[in-house]
Amino acid sequence: MNTYWLLIDSGEVRMVRGYDSDGEQQYGLVNSSVAGLQNVLEVWEAFIGSGRSDADDGYEDYVEDVIERARQCDPRVFDDEESWWPRVFEEVELGVLVPEDQ
């Protein structure tokens, strides 16, 4: 199970990944601040609840806009392609993660 941690000294939100088979805990940056987390989650919730489909006209432009809005919420976290949100939104871009059916 993954757990999320707020680092008091920096304000960063980090994840301890609990799904690795070797038993080693891995720590990763999720957001640079709680406000950044809230803002990216707002973009994420709007995306998954949009009811949009990859068959819709303009879907690719919509996805690009969603990713750009998420990036603007917390630019620092998107600088590291291995951090949580860049990996999530890469899957959105690849069509692996799509909005939920309404």
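Just so we're clear, the structure is a prediction, and the values are computed from it rather than from any experiment.
- Take D65 and apply the side-chain hydrogen bond (donor to acceptor under 3.5 Å, both in side chains) test, not counting sequence neighbours, and it matches R69.
- Taking E91 as the reference, nothing meets the side-chain hydrogen bond (donor to acceptor under 3.5 Å, both in side chains) condition, with sequence neighbours excluded.
- Heavy atoms only, all atoms of each residue included: I67 and E93 are closest at CD1-CB, 3.9 Å.
- At distances below 3.5 Å, not a single donor-acceptor pair connects side-chain atoms of S33 with backbone N or O atoms of G11.
- Using a 4.5 Å heavy-atom cutoff, the side chains of V66 and F89 are in contact.
- Taking each heavy atom of G51 and P99 in turn, the nearest pair found is N-CB, 4.1 Å.
- Other residues sharing the hydrophobic cluster of V96, ordered by chain and number and joined by side-chain separations under 4.5 Å: L94.
- Side-chain contact between W84 and L29 is absent, with no heavy atoms from C-beta onward closer than 4.5 Å.
- Across every non-hydrogen atom of A70 and F78, the tightest pair is O-CE1, 3.4 Å.
- Taken to the nearest 0.5 Å, the CE atom of M15 stands 3.5 Å off from the OH atom of Y4.
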* Derivation and outcome, side chain to side chain contact (heavy atoms under 4.5 Å, CB included), residues V34 and L6 -> CA-CA 8 Å; V34 172; L6 172 63; 3.7 Å; yes

Show the atom names and distances, to 0.1 Å, of all donor-acceptor pairs under 3.5 Å that link a side chain in residues 35-47 to residues at least two apart or in another chain.
residue : atom : partner : partner atom : Å
N39     : ND2  : A35     : O            : 3.1

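- Among pairs with a residue in residues 73-86, those fulfilling salt bridge (charged side-chain N to carboxylate O under 4.0 Å, His left out) read E12-R76, at least two apart in sequence or across chains.
- Under the 3.5 Å distance criterion, the side-chain polar atoms of D61 are left unmatched by any main-chain donor or acceptor of G58.
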* To do: I would like to know whether W85 and S83 meet side-chain hydrogen bond (donor to acceptor under 3.5 Å, both in side chains); could you show each step before the answer?
  => CA-CA 6 Å; W85 287 117; S83 65; over 6 Å; no

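- By the 4.5 Å heavy-atom criterion applied to side chains, N2 and V16 are not counted as neighbours.
- For the side-chain hydrogen bond (donor to acceptor under 3.5 Å, both in side chains) test, no residue two or more places apart in sequence or in another chain qualifies with R71.
- Applying the 6.0 Å contact sphere to CD of Q72 captures more than 12 heavy atoms from other residues, nucleotides or ligands.
- For the pair R52 and Y62, the cation-pi criterion (under 6.0 Å, within 45° of the ring axis) is fulfilled.
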